[in-house]
Amino acid sequence: MRSASGDSDAVLPWQLIRQDCHGNRYRVGSYATRTEAQHLAERLSEQAEGYLVEHRDRLAAHPEHADGGRG
């Protein structure tokens, strides 16, 4: 799993989220690309449902990045 914990300059905008049957949400990991996060979500979903991928919205903090850096 990739994480920004050791590198404060890293930007890992794609979040892998686990949502339980009560609607509680937990961040499982952060990833550089949607493909990377989606691949892990699909692997985990084979064993249990409730994994989804979301982009951390950075547009409010950095309006100069109009495309949001999505890739």
Side-chain angles (χ1 to χ4, degrees):
M1 173 176 19
R2 295 178 61 172
S3 155
S5 62
D7 184 358
S8 62
D9 294 330
V11 176
L12 302 174
W14 292 98
Q15 309 293 305
L16 177 58
I17 308 293
R18 167 76 167 112
Q19 184 168 325
D20 68 19
C21 62
H22 301 290
N24 299 310
R25 296 164 54 97
Y26 308 93
R27 184 171 47 124
V28 175
S30 300
Y31 301 89
T33 67
R34 181 177 185 176
T35 301
E36 186 177 19
Q38 190 64 46
H39 177 72
L40 184 55
E42 290 169 3
R43 283 185 39 212
L44 293 171
S45 291
E46 292 174 0
Q47 299 165 0
E49 302 225 1
Y51 290 92
L52 53 116
V53 173
E54 293 182 350
H55 190 274
R56 180 177 55 171
D57 187 15
R58 298 182 54 86
L59 293 178
H62 302 285
E64 68 276 9
H65 299 297
D67 68 345
R70 295 179 179 151

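Reckoned from all heavy atoms, side chains included, excluding hydrogens, waters and symmetry mates. Index from 1, following the sequence. These numbers were taken from a predicted model, which means no experiment stands behind them.
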Is there a side-chain contact between Tyr31 and Val53, using heavy atoms and a 4.5 Å cut-off? no
Ignoring hydrogens, what is the shortest heavy-atom contact between Pro13 and Ala32? Give both atom names and the distance. CD-O, 4.0 Å
When clusters are formed by joining ILVMFWY residues with side-chain heavy atoms under 4.5 Å apart, either directly or through shared neighbours, do Leu52 and Leu40 land in the same one? no
Between Ile17 and Tyr51, is there shared hydrophobic-cluster membership here, with clusters defined by ILVMFWY side-chain heavy atoms closer than 4.5 Å? no
Do any pairs count as a salt bridge (Lys or Arg N to Asp or Glu O under 4.0 Å) and have a residue in residues 22-31, sequence neighbours left out, and if so which ones? Arg25-Glu54
So, taking the atom named CG in Leu12 and the one named OG1 in Thr33, what distance separates them when rounded to the nearest 0.5 Å? 9.5 Å
Mind checking the CZ-CD spacing from Arg18 to Glu49? Nearest 0.5 Å is all I need. 9.0 Å
Hydrophobic cluster of Tyr26, others only, ordered by chain and residue number, side-chain cut-off 4.5 Å: none
Closest non-hydrogen contact found for Arg34 with Trp14 is N-CD1, 3.3 Å
CG on Leu16 to CD on Glu36, rounded to 0.5 Å: 10.5 Å
